[in-house]
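If you're wondering where the values come from, they're calculated on a predicted model, not measured in any experiment. All values below were derived from every heavy atom in this structure, side-chain atoms included, with hydrogens, water molecules and symmetry-related copies excluded. A, B, ... follow the sequence lines: proteins, then strands. Residue 1 opens every chain.
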Amino acid sequence: MQKFDLSIVSCEIGSVLIFTKNGICEKIELSNDLYAPSGENIFTAQISEYLSGKRREFDFPVRYSSGPVFEKIWESLKENVPYGKIITYGELAKICNANPRVVGYAMAMNRLPLYIPCHRVVGKNSLGGFNGKNGLKWKEYLLRLEGSI
DNA sequence: CGCGTACATAGCC
DNA sequence: GGCTATGTACGCG
């Protein structure tokens, strides 16, 4: 069994749970419930700054793998969609030579909701979903934070 | 291991 | 407005 170290950053609408192991972030979870802030490290520091609008990008080690196609999509997303910009599933799909549906699925399988800017990926005729209906609140909050809406 | 189904969509009829 | 395409992951037999 893997033993994860849990760090927590709280904000107005909920808390960000950061699961790290050996100094590497392996999982991020967005919760609507408020937790007591825990852990002072580069993860909590950067996310806290990001939620305050001071930081635009994250610079901490992460680890993810759910297939080569998904990694390509996430890499293309980070490279082509900077802070404050949004992209549609179709455009992102065109960049990484995939299909829109695959992109949506890649976002659904994303384990790092904040590090991977999946909240900047929206549908053409709708905002799309985000981490289920539970995280749609977060999506709106993040897009508003970046000034996209 | 092979088949069928579900996905946070886009595009055509 | 409704149906189909296209790729991946997951469940079941």
Report task. Round to the nearest Å and state the distance from A/Lys72 atom NZ to C/dT8 atom P. Result -> 11 Å

Query raised in the report: Paired with B/dA8 by Watson-Crick or G-U wobble geometry, both distances under 3.5 Å: which nucleotide is it?
Result: none

Report task. Compute both the distance and the angle, then confirm whether A/Lys27 meets the cation-pi test with A/Phe19: under 6.0 Å from the six-membered ring centre, within 45 degrees of the axis. Result -> yes

Requested in this report: Please tell me which of A/Gly67 and A/Pro100 maps to the more 5' nucleotide of DNA chain C, matching each residue to the nucleotide holding its nearest heavy atom.
Outcome: A/Pro100

**Report entry** Nearest-angstrom distance, P atom, C/dG1 to B/dA8
**Finding:** 22 Å

**Report entry** Interatomic distance where CG belongs to A/Asn110 and P belongs to C/dA9 [whole Å]
**Finding:** 14 Å

Query raised in the report: In whole Å, what is the span from the CE atom of A/Met109 to the P atom of B/dC7?
Result: 12 Å

Query - A/Met107 CE to C/dA9 P, straight-line distance once rounded to whole Å - result: 13 Å

Requested in this report: Could you tell me whether the side chain of A/Ile28 reaches within less than 4.5 Å of the side chain of A/Leu17, counting heavy atoms only?
Outcome: no

Requested in this report: Answer with base, sugar-phosphate or nothing: what part of the nucleic acid does A/Ala98 contact at a heavy-atom distance below 4.0 Å?
Outcome: nothing

Query raised in the report: Does some side-chain heavy atom of A/Glu57 sit less than 4.5 Å from a side-chain heavy atom of A/Tyr83?
Result: no

Requested in this report: Flag yes if more than 12 heavy atoms outside A/Glu26 fall under 6.0 Å of its CD atom; otherwise flag no.
Outcome: yes

Query - Whole-Å gap separating C1' (B/dC7) and CD1 (A/Ile73) - result: 13 Å

Query - A/Tyr105 (side chain) and B/dA8 (base): donor-acceptor pair under 3.5 Å - result: no

Report summary line: A/Phe70 CZ to B/dA8 C1', in whole Å, measures 12 Å

Query - Atom-to-atom span, CG of A/Asn97 to P of C/dT6 - whole angstrom - result: 13 Å

Report task. Would you mind classifying the nucleic acid contact of A/Ser66 as base, sugar-phosphate or nothing, using non-hydrogen atoms under 4.0 angstrom? Result -> sugar-phosphate

**Report entry** Length of the CZ-C1' vector between A/Arg101 and C/dC3, whole Å
**Finding:** 12 Å

Query raised in the report: Any chance the side chains of A/Asp33 and A/Ser15 put a donor and an acceptor closer than 3.5 Å?
Result: no

Query raised in the report: So, is A/Lys124 close to the B/dG11 phosphate, meaning a side-chain N or O under 4.0 Å from OP1 or OP2?
Result: yes

